[in-house]
Amino acid sequence: MLLANRIVNQISGNTQYASVSFGKISDLVDSLSSENLRTYINLYTDTSAVATTLYIRGLSTTASYGANSTALRFNVPSIGIDLTFNGATRDDSQAQFKDFLLKNGGDILSRLLRELVATSPIDPVAGNPNSLQAQMNATSFSTATGFGTLGDLPPPRPSESSSGRPTSPNLFSAGGDVGASRSGGYASTAVHLPLKYTIPFADPGYALTFDLPLTYVRTEGAQSALGSFGASMRVPLLADHWYLSPSIRAGAAGSIDLGAAALMYSVDLTSFYTFHATPDLKIGIGNGIGFYKSGGFSVSGYSYDYKLRNTITKNGISVEGSLDGAWFERPISWQAYATDTYAMGDRLYVPHYNEFGLVVGTRHTDGDQIWDSFRLGLTYTVGRSYNAVKLNAGYRF
């Protein structure tokens, strides 16, 4: 479990020491009340000299009371936070600290939250491939390039069947990914539900896509939920070969267990160039850049604002071809792809990672207006202290 795990309790001279781990900032603050200190330090009294090392998802902080003193000193060495609260009692000092940090801390709390993104492998807002920021980036890139989806967008040049009806109708896509990851000693399971609706224009090559990807992450008992809503426009630059896709997106992430919540906004621009190396082998090259900004979030009287600013580049290549045989009387295709993601700006725990994927599934056909298709895939993601394997499936109709 991530929460309230006592590591060590000892006495040195006249000072009593405790070291405790937490998932939430609020739980860490509450741990400094006299009642909770007694659960960590057996011989604690309201006049004892106490020094604690408190970990928030791996980030080290310290808090202490001097002998016969009510002054609470809180320190985060890695980012230069050093605060002292002097109430009439120790519980009064702890209450002042809690109100200041979670309600009025302003930049202090933002610095602490940004440091968690940089040092914690499991923050739901940013810092790892399971986070909201990374999932928003992955969705915008996949929508623009078709990586991992066997080309979810309709063919670039709609035509008409013999009955005069269009063979490029609006398309709805749904799917599901289940993945297991390990990062910084934490094991996580993520379930991803991407929903997508595409409207092709009469003008060849243009398409408007709306999507709503939802994600649930469970990390050793701690649960997180995140999702975003995005819109992107595919614009042809070179007919049948080169497309540019600007997109905008807004998302939210929250975790009661981890005490984290934030809004996120992004603007992305993705280029996708495709050509046939052979009549049956198609190569795709995707290059994207996005700008990401977090927004403030208030809940139960507490305010959270990471004040994150990141620029993310994603580049990749895909190879597609056909396979012998059929599924559900449909021809089978395959796609292999690799992407490289790099984030600049505020520090992240996993700023750079690579993804490798293989997808097999059926494709739409043009002449008989069969547009529904099914796919199965496997994805492996690797970064600094991060490894993940994901199984995915999708259906378009």
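The shown structure was predicted, so the numbers you read here are calculated from the model rather than taken from an experiment.
- With sequence neighbours excluded, no residue forms a side-chain hydrogen bond (donor to acceptor under 3.5 Å, both in side chains) with Thr89.
- Heavy-atom minimum distance, Arg249 versus Asp211: NH1-OD1, 2.5 Å.
- Ring-plane geometry between Phe272 and Phe147 is classed as perpendicular, the angle between the planes exceeding 60 degrees on a 0 to 90 degree scale with a lower cut at 30.
- Take Arg114 and apply the salt bridge (Lys or Arg N to Asp or Glu O under 4.0 Å) test, not counting sequence neighbours, and it matches no residue.
- In this view, Asp280 and Ser322 satisfy the side-chain hydrogen bond (donor to acceptor under 3.5 Å, both in side chains) rule, not counting sequence neighbours.
- Using modelled atom types, one finds a donor on one side chain and an acceptor on the other under 3.5 Å when comparing Tyr306 with Asp123.
- Asp92 pairs by the salt bridge (Lys or Arg N to Asp or Glu O under 4.0 Å) definition with nothing, not counting sequence neighbours.
- In plain terms, the two heavy atoms of Tyr337 and Leu358 that are nearest each other are CE2-N, 4.2 Å.
- Every residue two or more places apart in sequence or in another chain that forms a salt bridge (Lys or Arg N to Asp or Glu O under 4.0 Å) with Glu115 is listed here: Arg347.
- Under the 3.5 Å distance criterion, with hydrogens and angles disregarded, no donor-acceptor pair is assigned to the side chains of Asn310 and Asp346.
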Atom pairs and distances, side-chain donor-acceptor, residues 384-391, under 3.5 Å, sequence neighbours left out:
from   : atom 1 : to     : atom 2 : distance (Å)
Arg384 : NE     : Tyr349 : O      : 3.2
Arg384 : NH2    : Tyr349 : O      : 2.7
Asn387 : OD1    : Tyr380 : OH     : 2.6

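- Under the salt bridge (Lys or Arg N to Asp or Glu O under 4.0 Å) criterion, Arg182 pairs with no residue, sequence neighbours left out.
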Query - Worked check of side-chain contact (heavy atoms from CB on, under 4.5 Å) between Tyr292 and Asp268 - result: CA-CA 9 Å; Tyr292 291 75; Asp268 288 83; 3.0 Å; yes

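- We find the CZ-OG distance between Arg38 and Ser33 to be 8.5 Å, quoted to the nearest 0.5 Å.
- Here the side chain of Ser31 pairs a donor or acceptor atom with the backbone of Leu28 at under 3.5 angstrom.
- Every residue meeting the side-chain hydrogen bond (donor to acceptor under 3.5 Å, both in side chains) condition with Asn130, not counting sequence neighbours, appears here in chain and number order: Ser181.
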Query raised in the report: Given Thr143 and Lys196, is the side-chain contact (heavy atoms from CB on, under 4.5 Å) satisfied, shown in steps?
Result: CA-CA 9 Å; Thr143 297; Lys196 188 182 301 181; 3.6 Å; yes

Requested in this report: Apply side-chain contact (heavy atoms from CB on, under 4.5 Å) to the pair Asn354 and Thr339, showing each step before the final yes or no.
Outcome: CA-CA 6 Å; Asn354 298 105; Thr339 63; over 6 Å; no

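- The ring pair (Phe, Tyr, Trp, His ring centres under 6.0 Å) contacts involving residues 62-85 comprise Phe74-Phe97, Phe85-Phe97, Phe85-Phe100, where partners must be two or more places apart or lie in separate chains.
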For residues 47-54, run the donor-acceptor check on the side chains, cut-off 3.5 Å, and write out each pair with its distance to 0.1 Å, sequence neighbours left out.
from  : atom 1 : to    : atom 2 : distance (Å)
Thr47 : OG1    : Thr45 : OG1    : 3.3
Ser48 : OG     : Gln16 : NE2    : 3.2
Ser48 : OG     : Thr45 : N      : 2.9
Ser48 : OG     : Thr45 : O      : 3.3
Ser48 : OG     : Thr45 : OG1    : 2.9
Thr52 : OG1    : Ala63 : O      : 2.9

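- With sequence neighbours left out, the ring pair (Phe, Tyr, Trp, His ring centres under 6.0 Å) criterion links Tyr342 to His352.
- Ser232 is linked by a side-chain hydrogen bond (donor to acceptor under 3.5 Å, both in side chains) to nothing, counting only residues two or more places apart in sequence or in another chain.
- Checking Lys314 against Thr341 by side-chain atom types alone, a donor-acceptor pair falls below 3.5 Å.
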